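Structure first, then comments.
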Amino acid sequence: EIWKPLYRYTCLIALGLFKDEADVENSPEQTFSPNLKPGDIKYKDLNGDGKIDSNDMTEIGDPTVPQIVYGFGGSMQYKNFDFSVFFQGVAKTSLMMQNIHPFTSDQTTLLDFIAKDYWTEENPNPNAEYPRLISNLDSHNNFMNSTYWLRSAAFLRLKNVEIGYDFKKLLLSKVSEIQGLRLYFSGSNL
């Protein structure tokens, strides 16, 4: 690549989960942990040397710093009512899911997506959202930085909303001393 953005993740390319013992046996040697089993993450051998190691890591994904930050909004008025809204978002940015793994000292709860879709012998889904559950997490193959854990961090959120009613126009003809009276409701970070 001639041009590449800064702050991208260096990680392995995940090919899904091992389907069965034959899939483990017929795949390149995964050097990050011994005794791989069905349900573990399978990685791509980028350099073609027959083993998966740090030489198979590549920069991939969008940068950790958003390349696009944007916002837009509008307002309108009808008789004595007014309404305004503002949206904010970022695009072309990635995040690596970390510290989400059950059975660690950092994670005391089980995330919903893990509980609903993880690989088991009863549910040998090679495209499960989470690999097989293991209790020994020290430098296991499943927890290497990889595209399996890489997600888009783009978002669009409703930042501000305001709805108001202007009493000034209503009362101006009856009481000339009124400087302005407006009742409004607003919300932030909705």
Side-chain angles (χ1 to χ4, degrees), residues 1-17 41 43-44 46 57-119 125-131 142-190:
E1 287 180 59
I2 295 172
W3 178 87
K4 59 183 177 179
L6 296 173
Y7 307 115
R8 288 181 13 182
Y9 288 103
T10 300
C11 58
L12 297 164
I13 306 290
L15 299 174
L17 303 176
I41 300 173
Y43 299 116
K44 185 174 184 177
L46 289 182
M57 294 187 138
T58 186
E59 286 186 7
I60 198 161
D62 289 315
T64 58
V65 177
Q67 291 182 312
I68 299 172
V69 177
Y70 62 94
F72 61 91
S75 61
M76 60 184 227
Q77 189 170 6
Y78 177 73
K79 295 188 179 184
N80 292 0
F81 290 96
D82 60 86
F83 174 77
S84 65
V85 62
F86 180 70
F87 291 89
Q88 176 191 26
V90 299
K92 297 198 59 76
T93 184
S94 296
L95 67 88
M96 188 68 65
M97 295 178 59
Q98 297 172 337
N99 300 326
I100 61 160
H101 308 294
F103 316 122
T104 66
S105 58
D106 295 340
Q107 187 66 29
T108 56
T109 59
L110 183 63
L111 298 175
D112 187 55
F113 88 95
I114 296 171
K116 288 183 177 175
D117 190 18
Y118 63 95
W119 189 95
N125 178 3
N127 299 312
E129 289 287 320
Y130 197 85
N142 290 350
F143 308 111
M144 301 300 298
N145 277 358
S146 74
T147 56
Y148 196 86
W149 305 113
L150 190 65
R151 301 291 191 273
S152 170
F155 68 85
L156 172 64
R157 69 177 174 165
L158 179 57
K159 180 83 171 156
N160 295 316
V161 172
E162 186 171 293
I163 300 170
Y165 186 82
D166 192 351
F167 289 97
K168 180 180 175 186
K169 294 177 185 171
L170 199 76
L171 300 173
L172 198 56
S173 60
K174 296 179 183 176
V175 182
S176 60
E177 301 145 17
I178 295 201
Q179 296 294 320
L181 180 60
R182 180 175 176 262
L183 177 65
Y184 69 93
F185 297 95
S186 68
S188 295
N189 297 322
L190 301 171

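None of the values given here were measured: they were computed from a predicted structure.
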task: Go through the steps to decide whether N189 and K159 satisfy the test side chain to side chain contact (heavy atoms under 4.5 Å, CB included), and finish with yes or no.
output: CA-CA 4 Å; N189 297 322; K159 180 83 171 156; 3.1 Å; yes

- request: Just do the side chain to side chain contact (heavy atoms under 4.5 Å, CB included) check on F113 and M97 with the steps written out, would you?
  value: CA-CA 13 Å; F113 88 95; M97 295 178 59; 3.6 Å; yes

- request: Check the pair N160, Q88 against side chain to side chain contact (heavy atoms under 4.5 Å, CB included), reporting the backbone distance first and the verdict last.
  value: CA-CA 9 Å; N160 295 316; Q88 176 191 26; over 6 Å; no

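Counting all heavy atoms, side chain and backbone alike, E162 lies closest to S186 at OE1-CB, 3.9 Å. Closest of all the heavy-atom pairs between N145 and C11 is O-CB, 3.1 Å. Looking at every heavy atom in both residues, S75 comes nearest to S84 through CB-CB, 3.7 Å. Considering every non-hydrogen atom in both Y118 and I114, the closest pair reads CD2-O, 2.9 Å. Contact between P66 and V69 at its shortest, heavy atoms only, is CB-CG2, 4.1 Å. Nearest heavy atom pair, residue T58 against residue I13, reads CG2-CD1, 3.9 Å.
No more than 12 heavy atoms of other residues, nucleotides or ligands shown are found within 6.0 angstrom of OH on Y184.
Between the CD atom in E59 and the OH atom in Y7 there is a gap of 12.0 Å [rounded to 0.5 Å]. To the nearest 0.5 Å, the span separating OH on Y165 from CG on N80 amounts to 4.0 Å.
Under a 4.0 Å N-O distance rule, the pair K79/D166 does not qualify as a salt bridge. With salt bridges taken as basic N to acidic carboxylate O contacts below 4.0 Å, one links D62 and K92.
Between the side chain of D82 and the backbone N or O of Q77, no donor-acceptor pair lies under 3.5 Å. Using a distance-only test at 3.5 Å, with no hydrogens or angles considered, no donor-acceptor pair links the side chain of W119 to the main chain of N127.
Proximity of Y43 to S146: side-chain heavy atoms (C-beta onward) are separated by under 4.5 Å at one or more points. At a threshold of 4.5 Å between non-hydrogen side-chain atoms, the residues T93 and Q67 do not count as touching. Within the 4.5 Å cutoff, side-chain heavy atoms of F72 are placed close to those of L156. A 4.5 Å side-chain heavy-atom check between L17 and Y148 finds at least one atom pair inside the cut-off. For the pair N125 and D117, the minimum side-chain heavy-atom distance is below 4.5 Å. Inter-residue side-chain proximity for R151 and M96 is flagged as unmet; no heavy-atom pair is nearer than 4.5 Å. Put simply, the side chain of F83 reaches to within 4.5 Å of the side chain of V161, judged on heavy atoms. Contact check for T147 versus L12: no side-chain heavy atoms found under the 4.5 Å cut-off.
Taking Y78 as the reference, nothing meets the ring pair (Phe, Tyr, Trp, His ring centres under 6.0 Å) condition, with sequence neighbours excluded.
Relative orientation of the F143 and Y130 rings is tilted, given thresholds of 30° and 60° on the angle between their planes.
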